[in-house]
Novice: 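Okay, handing you the structure first.
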Protein chains: 2
Amino acid sequence: MSAISERRERERAQRHQLIITAARELAEAEGWEAVTTRRLAERVEYSQPVLYSHFDGKDAIMRAVALEGFAELADRLRRVRLASTEPSRALHAVGRAYLDFAAEQPALYQAMFELPTDVKFAHAETPASLRAGFDEFVSCFDPDDPRRELLAEVTWSALHGIAALAKSGRIPPGGQAERLDLIVTRIAGTP
Amino acid sequence: MSAISERRERERAQRHQLIITAARELAEAEGWEAVTTRRLAERVEYSQPVLYSHFDGKDAIMRAVALEGFAELADRLRRVRLASTEPSRALHAVGRAYLDFAAEQPALYQAMFELPTDVKFAHAETPASLRAGFDEFVSCFDPDDPRRELLAEVTWSALHGIAALAKSGRIPPGGQAERLDLIVTRIAGTP
DNA sequence: ACCACATCGTAGCAACGCTAGACATCCTGC
DNA sequence: GCAGGATGTCTAGCGTTGCTACGATGTGGT
């Protein structure tokens, strides 16, 4: 009984992850509008109702994908920040890593930051990985500066702005490096 | 024949605008996901196929709403900029007007800047009203500065970032004024 | 007055998210 | 070892979506 139900639980967890990965791959390959419950079910080789035994619905699946993305992004930003020898260049490196993340995985980024979500961001029940990503920006500023939370917010928002507008073609996709330079030098520079 | 077909054409144009207005109001009241072709048809008191004799589909209707929004935004920004007596404060005023526009009409803003679109932004066939809105930002900077296009791009992007993230609850909706201050002083301030 | 044409509504299609109930399969207790 | 119960999966279907083919209606020109 114990060993068997453990195996079942293991299989169930694997399938849970399989659904998330399949949704993410499908979204990245053909966009979120192509991620239907039918296609997703076919892809994981189960019937539709199985999806609903793991998630409350399509939105919950997208939320799970987004959460996975938050963890990966926070990890990536952290690594880049710690690898920066000079603190003054840390923000630049983190910013570039952020833009690269958005450009390399547009569908994932969309699920995280653009699609409507009920994930709470600046609340008590905010997932840790979510706060962790933001904190990487905060850590790039002087701990003694009382406005460093605000500076991090605005830096993040500006990066999100150029990432989102470039992704949808609303500003020319080239020239992101130049925009990043401007943001970093103006915001992180001495006031 | 002439007078009658002219009247028909007039009625047709009125209905065209009626559809756009109805879609916009419905989206603003209940969100874009509530704007279905059936509900929209009922609201304008015609049957569904009539919508398709005016627009290529739902996306085209949303595009028409967005274009109307671009014209209004450009107009609003222009007025605010010209009303600014002191040039150094023009950018601040334009920025606040932009954020107000986004906050007051979230569905319209969403159609303009967040939803997938095939409207070209930085191309030859860019609608005039669209370029006009961007130019209001450009005009806030020194005409002799070779980087003023870049400065306008980044300013606009940063404003879009805080508008979009605040609208979806990803940053606290309060404190936009503080963020605006920071963006304006850091970007428009002397480098 | 009559025909031709344009215009509009009814009805229907495939696909969507989601769910109820039948079916099969496996574990448990005697 | 074997029936009984519980767990898990699939088939089938509901209501709604964007969109369209086709028939009815009514107007305009000759």
Side-chain angles (χ1 to χ4, degrees), chain A residues 1-20 22-24 26-27 29-66 107 110-111 115-118, chain B residues 1-20 22-24 26-27 29-66 107 110-111 115-118:
Chain A
M1 166 251 174
S2 157
I4 287 174
S5 59
E6 273 180 19
R7 187 213 61 201
R8 289 223 198 174
E9 209 167 322
R10 213 165 45 231
E11 287 175 348
R12 187 173 170 79
Q14 279 181 2
R15 207 170 42 183
H16 189 91
Q17 184 58 43
L18 179 64
I19 294 171
I20 295 176
R24 178 172 168 175
L26 193 51
E30 308 184 35
W32 280 108
E33 74 282 357
V35 181
T36 71
T37 57
R38 279 168 235 272
R39 291 194 62 184
L40 191 52
E42 191 186 10
R43 190 147 168 149
V44 298
E45 296 178 311
Y46 283 94
S47 66
Q48 283 180 283
V50 170
L51 303 179
Y52 291 89
S53 74
H54 284 271
F55 301 94
D56 279 346
K58 190 186 169 182
D59 290 355
I61 298 177
M62 295 173 64
R63 214 160 34 227
V65 172
Q110 189 179 12
L115 296 178
T117 181
D118 45 2
Chain B
M1 164 248 175
S2 159
I4 287 174
S5 59
E6 272 180 19
R7 187 211 63 202
R8 288 221 194 171
E9 209 167 322
R10 215 165 44 231
E11 286 175 350
R12 187 173 171 80
Q14 279 181 2
R15 208 170 42 185
H16 189 91
Q17 184 58 44
L18 179 65
I19 294 171
I20 296 176
R24 178 172 166 173
L26 193 52
E30 308 183 35
W32 279 109
E33 75 281 358
V35 181
T36 69
T37 57
R38 277 167 237 272
R39 290 194 64 185
L40 191 53
E42 191 187 10
R43 192 146 166 149
V44 299
E45 296 178 311
Y46 283 94
S47 66
Q48 283 181 282
V50 171
L51 303 180
Y52 292 89
S53 74
H54 283 272
F55 300 94
D56 279 346
K58 191 186 169 182
D59 290 354
I61 297 177
M62 296 173 64
R63 211 157 39 223
V65 172
Q110 191 179 10
L115 296 178
T117 181
D118 46 2

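Below, chain A is the first sequence line, B the second, and so on; all start at residue 1. Note: hydrogens, waters and symmetry copies are ignored here, and every other heavy atom, side chains too, is used.
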Novice: What do the steps show when you test A:Met62 against A:Val35 for side-chain contact (heavy atoms from CB on, under 4.5 Å), and what is the final call?
Specialist: CA-CA 10 Å; A:Met62 295 173 64; A:Val35 181; over 6 Å; no
Novice: Nearest whole Å is fine: how far is C:dC16 P from B:Lys58 NZ?
Specialist: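 Atom-to-atom, B:Lys58 to C:dC16, this comes out as 15 Å.
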Novice: Starting at atom CG of A:Asp59, determine the distance to atom C1' of C:dC18, rounded to an integer number of angstrom.
Specialist: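 About 12 Å, once rounded to whole Å.
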Novice: Using atom CZ of B:Arg38 as one end and atom P of C:dA11 as the other, report the distance to the nearest whole Å.
Specialist: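 For the pair B:Arg38 CZ and C:dA11 P, the rounded distance is 13 Å.
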Novice: Would you kindly compare A:Arg39 and B:His54 by the position of their nearest DNA chain C nucleotide and give the one closer to the 5′ end?
Specialist: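 Result of the comparison: B:His54.
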Novice: Give the minimum heavy-atom separation between A:Lys58 and A:Trp32, together with the two atoms involved.
Specialist: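 Between these two residues, the closest heavy atoms are NZ-O, 4.0 Å.
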Novice: Looking at residues 42-53 of chain A, who's got a heavy atom less than 4.0 Å off DNA chain C?
Specialist: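 Result for residues 42-53 of chain A: A:Gln48, A:Pro49, A:Tyr52, sorted by number.
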Novice: I would like to know whether A:Ile19 and A:Tyr46 meet side-chain contact (heavy atoms from CB on, under 4.5 Å); could you show each step before the answer?
Specialist: CA-CA 10 Å; A:Ile19 294 171; A:Tyr46 283 94; over 6 Å; no
Novice: Can you find a side chain N or O atom of B:Thr37 that sits less than 4.0 Å from OP1 or OP2 on D:dG18?
Specialist: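 Yes, B:Thr37 has a side-chain N/O under 4.0 Å of OP1/OP2 on D:dG18.
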Novice: Answer yes or no: are there more than 12 heavy-atom neighbours, outside A:Glu42 itself, under 6.0 Å from its atom CD?
Specialist: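 Counting other residues, nucleotides and ligands, CD of A:Glu42 stays at 12 neighbours or fewer.
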Novice: Counting any heavy atom closer than 4.0 Å, what does A:Arg12 reach on the DNA or RNA strands: base, sugar-phosphate only, or nothing?
Specialist: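 Nothing: the residue A:Arg12, judged by heavy atoms under 4.0 Å, touches no strand.
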Novice: Using atom CG of B:Leu26 as one end and atom P of D:dT17 as the other, report the distance to the nearest whole Å.
Specialist: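 It works out to 11 Å between those atoms.
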Novice: Identify whether any heavy atom of B:Arg15 sits under 4.0 Å from a base atom; if not, whether one sits that close to sugar-phosphate; answer base, sugar-phosphate or nothing.
Specialist: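 Sugar-phosphate contact only.
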Novice: What is the minimum heavy-atom distance between A:Ala41 and A:Ser47, and which atoms define it?
Specialist: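 Heavy-atom minimum between the residues: CB-C, 3.8 Å.
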Novice: If you compare all heavy atoms of A:Ala34 against all heavy atoms of A:Leu26, which two are closest, and at what distance to 0.1 Å?
Specialist: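 Shortest heavy-atom contact: O-CD2, 4.1 Å.
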